[in-house]
Amino acid sequence: MFKLKKTVALAAAILAGMMTFGSADNVSAAENTAKGDASVIKVEKLKLEKNWDKVFAKSDKVNHQKVTFVNRYGITLAADMYTPKNYTGKLPALAVSGPFGAVKEQSSGLYAQEMAERGFLTIAFDPSFTGESGGYPRFMASPDINVEDFSAAVDFLSVQDNVDADKIGIIGICGWGGFSLSAAAIDTRIKATVAMTMYDISRNAANGYFDYEKDEETLKRERQQQRINLNNQRTADYKAGKYTRAGGVVEDPSNFPQFVKDYYDYYKTERGYHKRSLNSNDGWNKTGVLSFVNFPLLTYSNEIENPVLIIHGEKAHSRYFSETAFENMTGVKPSGFDTVAGNKELLIIPNANHIDLYDNKNAIPFNKIEKFFKDNLK
């Protein structure tokens, strides 16, 4: 009976917060948490470029400023905000990011500025660990954190005085097209999503390109070999005390497939080169892709209730990512150049390749994108 009473008393003390186990340091941490010190959202001071250094011309129809915000992991993100001139009232807002390995001064900034001209308050942000955003180690990727970056952008937009918090959408380009669908599946505040020329990075990491051409045993062997290679790289990096970069777009694409040549034409020329872009320079850390192999991004995309528009080029090497994502999301097999299932749509742009939807305004259907958001952010 004495032991039972002692046990009950001990449990009651714990529940009442009267006892703390562990070292003096643990007690201190608990005290700090109780005071709220450990829960404060802290903004890291970032070094932000003051001059216009985009790969596209500055519009005279919008106002531009640099902003920062913090994600759920305490990483401070840098963004360019574009606001229509002479607006009144609260605006619908869009967060834009991508492609995978690009920076906000490239494609995402072009989209953000264009959509601001059309009446939206927009931000184009650098993902965690890249560009002007914070996060260490640099040049690392994460399926969880990169999806979270979109939700952090929604956090920021939701509290702006000139934004209608019930009218927030996102645009993800290339790899961030896949992240945008994953974000839409978890974050119900995202009222509408556009995925442009999307990659499913987790599928690509696990299976390589064109996995539909391979049998299951081949995929398993290749996946296991990749695990071995990446884990050996982890050991080598730790031994060397530094992370090895994977390299960006190749310097000479002449002996590579056409889509690599297309990447070169964007990332390595005046058209799209930027000094902070991973694809324009030394690329991601080699081990950055490792966690994507085990964590499929689009598992619950079929549970997205809000509207989604997926847009891809007819001639894009990556088109199958969008087609499969749409089918998995809706249960409807794509047919023709435009397939609609409820509030989900897959639009294929005739004759466009993957890179055309980065910056080719003759290929990017901005009128369609504008109408989609205006119809669904209301």
Looking at [X] and [Y], does any basic side-chain N land under 4.0 Å from a carboxylate oxygen?
{"X": "Arg223", "Y": "Glu216", "result": "yes"}
{"X": "Arg276", "Y": "Asp53", "result": "yes"}
{"X": "Glu114", "Y": "Arg118", "result": "yes"}
{"X": "Asp60", "Y": "Lys85", "result": "no"}

With distance as the sole test, does [X] use its side chain to make a donor-acceptor pair with the main-chain N or O of [Y] at under 3.5 Å?
{"X": "Glu148", "Y": "Arg72", "value": "yes"}
{"X": "Lys104", "Y": "Ala78", "value": "no"}
{"X": "Ser97", "Y": "Phe125", "value": "yes"}
{"X": "Lys214", "Y": "Asn207", "value": "yes"}
{"X": "Gln106", "Y": "Gly272", "value": "yes"}

Side chains of Asp252 and Tyr264, donor plus acceptor under 3.5 Å
no
For Ser59 and Gln113, which I'm curious about, is there any donor-acceptor pair between the side chains at under 3.5 Å?
no
Can you confirm whether Tyr136 is buried at OH, in the sense that more than 12 heavy atoms of other residues, nucleotides or ligands lie under 6.0 Å from that atom?
no
Closest contact, heavy atoms only, [X] versus [Y]:
{"X": "Gly98", "Y": "Ser108", "result": "O-CB, 3.3 Å"}
{"X": "Ser133", "Y": "Leu77", "result": "OG-CA, 3.3 Å"}
{"X": "Ser158", "Y": "Ile168", "result": "OG-CD1, 3.4 Å"}

Derivation and outcome, side chain to side chain donor-acceptor pair (under 3.5 Å), residues Asn281 and Tyr273
CA-CA 9 Å; Asn281 297 285; Tyr273 176 85; 2.8 Å; yes
Which class fits the ring pair [X] and [Y]: parallel under 30°, tilted 30 to 60°, perpendicular over 60°?
{"X": "Tyr266", "Y": "Tyr358", "value": "perpendicular"}
{"X": "Trp52", "Y": "His64", "value": "perpendicular"}
{"X": "His354", "Y": "His317", "value": "tilted"}
{"X": "Phe292", "Y": "Phe100", "value": "perpendicular"}

Among Phe120, Phe373, Tyr111, which residue meets the ring-ring contact (aromatic ring centres under 6.0 Å, His included) test with Phe366?
Tyr111
Any chain of hydrophobic side-chain contacts (each under 4.5 Å) joining Leu298 to Phe210?
yes
Shared ILVMFWY cluster between Phe326 and Phe337, side chains joined below 4.5 angstrom?
yes
Under 6.0 Å between ring centres, would you say that holds for Tyr320 and His312?
no
Could you go step by step and tell me if Tyr267 and Asn279 meet the side chain to side chain donor-acceptor pair (under 3.5 Å) rule?
CA-CA 6 Å; Tyr267 286 109; Asn279 295 336; 3.2 Å; yes
Salt bridge (charged side-chain N to carboxylate O under 4.0 Å, His left out) with Arg189: of Asp166, Asp164, Asp155, only one passes, and it is Asp155
Side chain to side chain donor-acceptor pair (under 3.5 Å) between Asn63 and Thr83, intermediate numbers included
CA-CA 5 Å; Asn63 293 318; Thr83 310; over 6 Å; no
